[in-house]
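All chains are named by letter (A, B, ...) in the order of the sequence lines, taking the proteins before the strands, and each is independently numbered beginning at 1.
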Amino acid sequence: MNGSYVWSKAIDNASSSTFRSLPLSLSNLSIAYQVFGSDNPAADCIFFAIFCSIGGEQVPLTIPSINFNPSAVTTTGAGQPQVTPYLLPQKAGNFMRDDRGRSDFNATHRGVIDYTWEVPSLKKAIGAPGWMDDWQLSGVFTAQSGQPFTIFAGPIAGEITQRVNVLGRVNVSNNPNGAISTTNLQLASQSAACSPPYPSSPTFVGNLFQPIPGKACPGNSGRNAFTGPDYVNMNFAVQKKFHLWAEGKMLIFRMEFYNLFDRANYYNPISTYSTDGVTVNPDFGKIKSAHDPREIQLAIRFTW
Amino acid sequence: MQMSASVQQQLGNKLTAEVGYIGDLGRKLPVIYNQNVTNEFNLFNGTAGNFTFFPIFTMANRGNSSYHSGFLRIRAQTGMDCA
């Protein structure tokens, strides 16, 4: 019998090595994507600043007015629901720090026990007939903590990697109909920092798609800051050998059970809190996929 | 860079314990970011055309990763036939 426990911690910064292929419009890509999205260079300074810090580098900025066609800024919200890993860091100028978080595959705790037990001879123990011997039981038990995920709240103005605001502890359960508590979640667009200051301004159309110019609304939650459902599984096998008429010839009947107790081991819930940056996604928190249910496999093997 | 170390100790005739560490460090990994974010912001000045500046998605080697794990393994043996 072997038993092992592993504690691990895996960290990296975001984005994979493939380029995005989301259906974002040209206007979103050219204007809205960064102007009102995250990592706007003015995010860390005041609106009329002359110099602003971008990743520690002083960059001159001139912002005398806003003059663009508002219709070009609207977003269709056509992006696919995002799950990690996402392709772009949330803050282009600060992704080394801002997007550094647990790796997608990280599982902090993992324990495995595997065993094989040759059932003692019943013939020797209680005088049973010889054909009742040669039983073997074996199995693998695995318990593992959940894997991390990110809660997205975008896109606002095409910012697809916008993360949700967290106001307190967020509970994650194994409830497939609502695995993520929404009590302490807030759309980034609803935060005070992103509310439009001049709703009637002729140069700024006040709606939730257009937060304060120069204010980034990336949300305050971290990448992979949440942990999904845990994983517990038991595989079990029982087999019986029959010695046949000749020396060395043997017939083995074997029955294998995968996920013996038919436990629902869910994958991570849908973590897109909003698909358009304004309204809450009705599927948020629902779990629609799981590992395999119980499977039973029968086998007969003849060896000679 | 991968690192690993472990110590194994036999405890009696039928028990073996092993404690170890496994680590992995990755540096200069490929990541993608928007290199043109500064120029995009200049759209605010009103003099540049709306389509003058585009995001420039750039692959850079600024990614990094780290993995640290510790493990405890116990192996028990009973009877004549064991795993």
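Here the shortest heavy-atom pairing between B/R62 and A/N13 reads O-ND2, 3.6 Å. In plain terms, the two heavy atoms of B/S65 and A/D12 that are nearest each other are CB-CB, 3.6 Å.
A donor and an acceptor atom, one from each side chain of B/N64 and A/R100, are located under 3.5 Å apart.
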